[in-house]
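Taking it in order: structure first as structure tokens, then the write-up.
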Amino acid sequence: MNADPLDALKDIYLPVEPHWWPPAPGWWITAALLIIALWWCGRQLRRYRAASAPIRAAQHIIDTFIAEEATTTCCDAALVNQCNEVLKRLLVVALDMRTVSNQSGAAWLCTLNRLSETSDFTEGPGRVLGEDRFKPQFSVNRRALLACVKRLLSKIHYRKSKAMLEGSA
């Protein structure tokens, strides 16, 4: 009669594993924060794209001038005036820099120098955008001018450029 007391024990049953649904409250909070962060990032990206669209459009126009430069038959004065028009429209109309709307000559070139952070417009190929374009006979290095304007457009930022001009005035 001396039976083994361990034989009288019953097997151990493991508890049922928890289901994946519904998730714990921490996961709900994490998901909500993630959705809010993604929405905010998307909204900021949309704002940035909308605000920088005029800069991209101006860059596209200048790229078109560069591509057509070898085959175009327009005179130098027309190219200079078109470059000047693109820059004025971008700065005054699209980026709302009203202080440059009535600038011309040396003041306009100094403004372009400040924006490009170079001296290409007062001492380089960009000086034809000032009073030189009104001379009866003037010559322009078309490629250098377009490269100069392209470098300027690559430095323009829809927020920083306006603050840069207001800070230096």
Side-chain angles (χ1 to χ4, degrees), residues 1-69 79 82-103 107-126 129 143-169:
M1 275 241 178
N2 271 348
D4 190 12
L6 294 178
D7 288 337
L9 294 177
K10 295 184 179 181
D11 283 341
I12 298 174
Y13 291 104
L14 294 176
V16 178
E17 289 192 23
H19 293 284
W20 66 273
W21 194 261
W27 287 109
W28 285 107
I29 293 170
T30 303
L33 291 175
L34 183 64
I35 288 171
I36 290 170
L38 288 174
W39 171 80
W40 185 82
C41 288
R43 193 173 121 210
Q44 294 300 329
L45 180 64
R46 232 182 352 260
R47 281 184 177 175
Y48 172 77
R49 296 278 299 165
S52 63
I55 298 169
R56 287 193 313 276
Q59 288 171 337
H60 177 70
I61 291 170
I62 297 300
D63 287 341
T64 304
F65 290 164
I66 291 171
E68 295 174 350
E69 194 271 324
L79 176 69
Q82 287 172 340
C83 288
N84 214 21
E85 180 183 354
V86 167
L87 291 174
K88 279 278 189 169
R89 283 187 182 202
L90 173 67
L91 296 177
V92 175
V93 177
L95 300 180
D96 198 34
M97 295 181 193
R98 302 277 182 220
T99 57
V100 301
S101 64
N102 58 359
Q103 288 183 350
W108 172 240
L109 296 178
C110 287
T111 298
L112 295 177
N113 272 348
R114 278 194 302 272
L115 288 172
S116 68
E117 300 171 351
T118 64
S119 61
D120 287 345
F121 293 96
T122 53
E123 300 170 7
L129 295 175
R143 288 182 187 214
L145 172 65
L146 290 171
C148 180
V149 172
K150 187 173 173 90
R151 277 192 305 274
L152 168 67
L153 291 176
S154 69
K155 295 221 176 177
I156 290 179
H157 188 272
Y158 72 99
R159 283 187 187 158
K160 294 176 187 171
S161 299
K162 189 172 183 179
M164 182 186 304
L165 286 180
E166 289 172 355
S168 65

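- With sequence neighbours excluded, the residues satisfying side-chain contact (heavy atoms from CB on, under 4.5 Å) with Arg46 are Arg43.
- At least one side-chain heavy atom of Leu79 sits less than 4.5 Å from a side-chain heavy atom of Leu146.
- Listed by chain and residue number, Arg89 satisfy the side-chain contact (heavy atoms from CB on, under 4.5 Å) test with Glu85 (two or more places apart in sequence, or in another chain).
- Interatomic distance, Leu109 CG to Thr122 OG1, rounded to the nearest 0.5 Å: 7.0 Å.
- Counting only heavy atoms from C-beta outward, the side chains of Met97 and Val92 never approach each other to under 4.5 Å.
- The side-chain heavy atoms of Leu91 and Trp108, taken from C-beta on, include a pair separated by under 4.5 Å.
- What you find for Pro125 and Cys148 is that their closest heavy atoms are CG-CB, 4.2 Å.
- Listed by chain and residue number, Ala58, Gln59, Ile62, Leu87, Leu90, Val149, Ile156 satisfy the side-chain contact (heavy atoms from CB on, under 4.5 Å) test with Leu153 (two or more places apart in sequence, or in another chain).
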Listing, residues 49-56 side-chain donor-acceptor contacts under 3.5 Å, not counting sequence neighbours, or none:
| from | atom 1 | to | atom 2 | distance (Å) |
| --- | --- | --- | --- | --- |
| Ser52 | OG | Tyr48 | O | 2.8 |
| Ser52 | OG | Arg56 | NH1 | 2.7 |
| Arg56 | NH1 | Arg49 | O | 3.4 |
| Arg56 | NH2 | Arg49 | O | 3.3 |

Give every donor-acceptor pair under 3.5 Å between a side-chain atom in residues 24-40 and any protein atom, sequence neighbours left out.
| from | atom 1 | to | atom 2 | distance (Å) |
| --- | --- | --- | --- | --- |
| Trp28 | NE1 | Pro23 | O | 3.3 |
| Thr30 | OG1 | Gly26 | O | 2.8 |

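- Taking 4.5 Å as the limit, every side-chain heavy atom of Cys41 sits out of range of all side-chain heavy atoms of Leu45.
- Listed by first then second residue, pairs satisfying salt bridge (charged side-chain N to carboxylate O under 4.0 Å, His left out) with a partner in residues 115-125 read Glu117-Lys155, Asp120-Arg151, not counting sequence neighbours.
- By the side-chain contact (heavy atoms from CB on, under 4.5 Å) test, Ala57 pairs with no residue at all, sequence neighbours left out.
- Listed here is the closest heavy atom pair of Leu129 and Phe121: CD1-CE2, 3.7 Å.
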Can you give the donor-acceptor pairs under 3.5 Å from side chains of residues 6-19 to other protein atoms, not counting sequence neighbours?
none

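- In terms of heavy-atom proximity, Lys88 sits nearest to Val100 at NZ-O, 2.9 Å.
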